[in-house]
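Predicted, not measured: the structure shown is a model, and the values here were computed from it.
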Amino acid sequence: MGLGGCIILIAIGAILTFATDWHMQGVNLTVVGLILMAVGLIGVATFSGIARRRRVVVPPATPVVESEPHHHRADGYSDGYGV
């Protein structure tokens with residue numbers, strides 16, 4: 001569940017808790033709304049903790065320094081064996 005889903009849960013829970021006056025037999029909508037808001041808040045806390053861990057600052061890579069190209073001579077003495 002992403003951040004948007006958590007915010008939707010909080011909004012639905014708040015609507016059920018504070019903005020409705022329905023009375024259903026066997027279901028307390030105030031408690032259901034509070035549970036939805038609690039689950040949404042736990043989800044937001046979890047999501048923000050995971051998102052914070054993903055934002056690790058990586059130091060820039062060390063530049064690769066290329067060595068000078070080897071110039072091979074045709075006489076065979078530049079490879080170190082003929083010296």
Side-chain angles (χ1 to χ4, degrees):
M1 172 175 26
L3 185 61
C6 297
I7 293 172
I8 289 172
L9 282 178
I10 294 171
I12 291 172
I15 290 170
L16 287 177
T17 301
F18 303 117
T20 59
D21 58 354
W22 300 335
H23 298 286
M24 295 176 62
Q25 187 176 3
V27 177
N28 189 349
L29 290 180
T30 303
V31 174
V32 171
L34 290 174
I35 291 171
L36 287 175
M37 286 191 292
V39 170
L41 288 174
I42 291 170
V44 167
T46 304
F47 182 79
S48 65
I50 291 172
R52 186 175 298 128
R53 263 188 250 138
R54 287 183 185 169
R55 295 182 190 152
V56 176
V57 177
V58 178
T62 57
V64 177
V65 179
E66 295 185 19
S67 61
E68 294 186 25
H70 299 286
H71 298 288
H72 297 287
R73 292 181 6 198
D75 59 0
Y77 291 110
S78 64
D79 59 357
Y81 293 112
V83 177

Cut-off 3.5 Å, no hydrogens considered: what does the side-chain donor-acceptor table look like for residues 34-50, sequence neighbours left out?
from, atom 1, to, atom 2, distance (Å)
Thr46, OG1, Ile42, O, 2.9
Ser48, OG, Val44, O, 3.2
Ser48, OG, Ala45, O, 3.0

Spell out, yes or no, whether Ile10 and Leu3 are grouped together once hydrophobic residues are joined by side-chain heavy atoms under 4.5 Å, including indirect joins. yes
Review item, side-chain donor-acceptor pairs of residues 19-32, under 3.5 Å, at least two apart:
from, atom 1, to, atom 2, distance (Å)
Thr20, OG1, Leu16, O, 2.9
His23, NE2, Asp21, O, 3.4
Asn28, OD1, Thr30, N, 3.3

